[in-house]
Structures are given as C-alpha cells and as structure tokens.
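Here the structure comes first, spelled out in structure tokens, and everything after it is commentary.
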Protein chains: 2
Amino acid sequence: MFKCSKEEELIAARLFELSKQTMPKFERCTGISQSRLEILRELFEAEEITQRELQKKVNIDHAAVTRHLKQLEEKSMVIRRKSPEDNRFTYVSLTEEGKTKIAAYCEEKQRFISKILNGFSELERSTLLNMLTRIQENIEKM
Amino acid sequence: MFKCSKEEELIAARLFELSKQTMPKFERCTGISQSRLEILRELFEAEEITQRELQKKVNIDHAAVTRHLKQLEEKSMVIRRKSPEDNRFTYVSLTEEGKTKIAAYCEEKQRFISKILNGFSELERSTLLNMLTRIQENIEKM
DNA sequence: GTATATTAATTGATGCATCAATCATTGACC
DNA sequence: GGTCAATGATTGATGCATCAATTAATATAC
C-alpha cells in the first residue's frame, strides 16, 4: 500500500517542512527575503551587471527580478541604466546606500545561519553540504 | 568583510535553492502541491478529523487549510460536516474517490523522492535524516 | 532595405501563503 | 440568565512567485 513510511519519505517531509519554516523566520530575523538578499549579494559581487545576467545567476523568474529591482530602486538601493551599446539591456548596480545596507543584512544572515547549524561539527558540515549538492544534482537531471 | 563564502553560507544557499527548485518540480511531476498532498495524507491516516486538528498536524495557516479543503470539496475528494456536539468544529473526511486518487499521487511522490535521493546509501540516508532533524530542532528553538 | 525572428524587459493574470478582521458558537463568570 | 471571553472557521487584503502576452530594440535573411 502507500503508507509512505519509509525513510525516504521522512527525508522529503523534513526538507519540505524545513523550507516552510525557514523562509518566514529568515525574513523576520534578517528583515529581508532570501530572494531579495540573493539579488543584492549578486549585485555586490558583480559591481555592474545586466538584469538578464543577474536573473540567470539567482535563478528567479524574469518578472520577479524586474519587480524586486523596481522596489529596490524606490528604496534607493540600486540604480539602473540602459546599455548604450544595446538598448534592450539594462545595467544594474548598487548605490552607496545599498552597499551599506547589504552589509547589515549579511551579518544578520550569518547570525541566522549559525543558529540553524548550531551543534554541527566541521566534518558534519561538509558531509551535509556534499549531500545537499548531490540532491540538487539529482533534481537538475529531472 | 561580509564575503560570506564560508561553508555555512553554502549550506544555506543549497537549502534555499533546493526548495526553490523542488517545489515546482514536485508539483509538475506529481500533479499536486506538497501542501495539498500532505493534507490528503493526513486525512487518509485519520479517517475523520476536525479542521483544527488537521491544521495543527500539517502546520499550515488556518486560512490556507480552509481554501484547500474548499477546492478539494469541489473536486469531490473530501466531505465536510459540522460536528453535532459543537457546531464550531467541522469534521473532514476523504470520499471514496479521494482515497483512490490519493493512492496515485502517493505513488508519484514516492517515485519523485526516489529520484531525488538517487545514489544515497542506507547509511547516508539515515545520516541525512538525522541532520535535517537537528536543523529543524534548531529552527524551532528560535 | 524591408520583413521576420530573436532577445531583454515589462505588465497582467493567476495561484498560493500569510496576517488581520469578522462571524458563529460555546463556555465561564457575575 | 445575560454578558463577555475563547475558539473554530471563513473572508479580505497583501505579498511574492510563476506563466503568458506584450513592447521595444536588435540581428538576420531575402
């Protein structure tokens, strides 16, 4: 029958619950959503980048990226300008204000993650990372 | 600085990406969302249960549960009736049709999960489950 | 050189989750 | 017994993600 009580099922259930619980708590603790912080982090590392490139890196829908950037622009955290060579492209970059703010967010994030992985040894961490990576590879194959 | 390149950060990033990628793929593969399937699974095991109890078990917002059940009722998969003893409570149960359908969903789910955990040994699975459980405990403490 | 295809960005429609407010029912206290 | 608090369920408002369609600019083919 489909009692679904195997260990596999439990792992899946944990993964699901984990994301369901973590997402909102992350946002409350850090004051920003994971998606948005990822966008900012990417911008920080890239200095200036086209929306298209950014979208590919963070792997979020085009539309979502546009909307995030619009809101970030309203908050004066990013600046956008059309590419002079090709007007279809839009370059995005952080403002000074944005760079300052992101530092605080990242620190909050770091604190959050440390709490989540509390009690994990170095060895366990790398084992876990390895496993998660393998799972992700499996998913990408589908 | 806040380069955030530590292993901890990578684990968090993986967890985040994982849920972002898994959720929609799960839905496409199985034809149902994880939340909704969890509700159905709970109903299957409980036979008859109040919405309140169901909500506590699946740990989804009250409003979301109400809306799921409404749609499931429209699809003739569940039946709801007011408790005679206390009219505030609503008992929910699967229809025969619902029970049949859930079997197919569960099989799809099982197949999906097996693919995700492809290449994991028994030992690795229990290690992973253990780690995920510990992370969840850490989250609950926050 | 003009029509067609491609690509980036945006907008609209939809689905789902949450929170807050409301409604209905029951229980408790005076 | 009547008022008030507590509880379950529902509804409305909001936020965020996706897909589909549209717009604007560029590249390609004839």
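Order of the sequence lines sets the chain letters (A, B, ...), proteins ahead of strands, with each chain counted from 1.
Using a 4.0 Å heavy-atom criterion, one finds that Ser35(B) contacts the sugar-phosphate atoms exclusively. Residue Asp86(B) is in sugar-phosphate contact alone, with no base atom involved, counting any heavy-atom pair closer than 4.0 Å across all strands shown. Counting any heavy atom pair closer than 4.0 Å across all strands shown, Thr66(A) reaches a base atom.
Distance Asp61(B) CG to dA13(D) C1': 13 Å, rounded to the nearest Å. Between the C1' atom of dA17(C) and the CD1 atom of Ile39(B) lies a distance of 12 Å, rounded to the nearest Å. Rounded to an integer number of Å, the gap from Arg28(A) CZ to dG15(D) P is 16 Å. To the nearest angstrom, C1' of dG8(D) lies 16 Å from CZ of Arg81(B). Separating the CG atom of Leu72(B) from the P atom of dC16(C) is a distance of 11 Å, rounded to the nearest angstrom. Spacing between atom CG of Asn59(B) and atom C1' of dT18(C) amounts to 13 Å, rounded to whole angstrom units. Between Met23(A) atom CE and dC16(C) atom C1' there is a gap of 13 Å when expressed in whole angstrom units. Here the P atom of nucleotide dG8(D) and the CD atom of Gln55(B) are 9 Å apart, to the nearest Å.
For the pairing with His68(B), the side-chain hydrogen bond (donor to acceptor under 3.5 Å, both in side chains) check across Glu38(B), Glu73(B), Arg36(B) returns one residue only, Arg36(B). Each of Arg125(A), Lys109(A), Gln110(A) was evaluated against Glu8(B); a single residue qualifies, Arg125(A), per the side-chain hydrogen bond (donor to acceptor under 3.5 Å, both in side chains) test.
Because its NZ or CZ atom is not both nearer than 6.0 Å to the ring centre of Tyr105(B) and within 45° of the ring axis, Lys101(B) does not count as a cation-pi partner of that residue.
Dashed line: the shortest gap from a side-chain N or O of Lys70(B) to OP1 or OP2 of dT11(D) is under 4.0 Å. Side-chain nitrogen and oxygen atoms of Arg80(A) include at least one within less than 4.0 Å of the OP1 or OP2 phosphate oxygen of dT10(C). Look at Arg52(B) and you'll find a side-chain N or O under 4.0 angstrom from OP1 or OP2 of dG8(D). Between Asn87(A) and the phosphate of dT26(D), there is a side-chain N or O to OP1/OP2 separation shorter than 4.0 Å.
If you check dT6(C), dC19(C), dT26(C) against the side chain of Arg88(A), the one that comes closest is dT6(C). Side-chain proximity of Phe89(A) to the nucleotides dA8(C), dT10(C), dT18(D) is greatest for dA8(C).
Residue order along DNA chain C, read from the 5' end via each residue's closest nucleotide, puts Lys56(A) first among His68(B) and Lys56(A). Place Gln51(A) and Lys20(A) on DNA chain C by their nearest nucleotides, and Gln51(A) ends up nearer the 5' end. Taking for each of Thr50(B) and Ser83(A) the nucleotide of DNA chain D with the nearest heavy atom, the 5'-most of the two is the partner of Thr50(B).
In this structure, the separation between CG on Leu129(A) and CG on Leu15(B) is 9.5 Å, given to the nearest 0.5 Å.
In this structure, Asn138(A) and Leu117(B) have side chains that are not in contact, with every pair of non-hydrogen atoms separated by 4.5 Å or more.
With hydrogens and angles left out, the side chain of Arg67(A) and the base of dT18(D) share a donor-acceptor pair within 3.5 Å.
The backbone N or O of Ser76(A) sits less than 3.5 Å from a side-chain atom of Thr95(A), completing a donor-acceptor pair.
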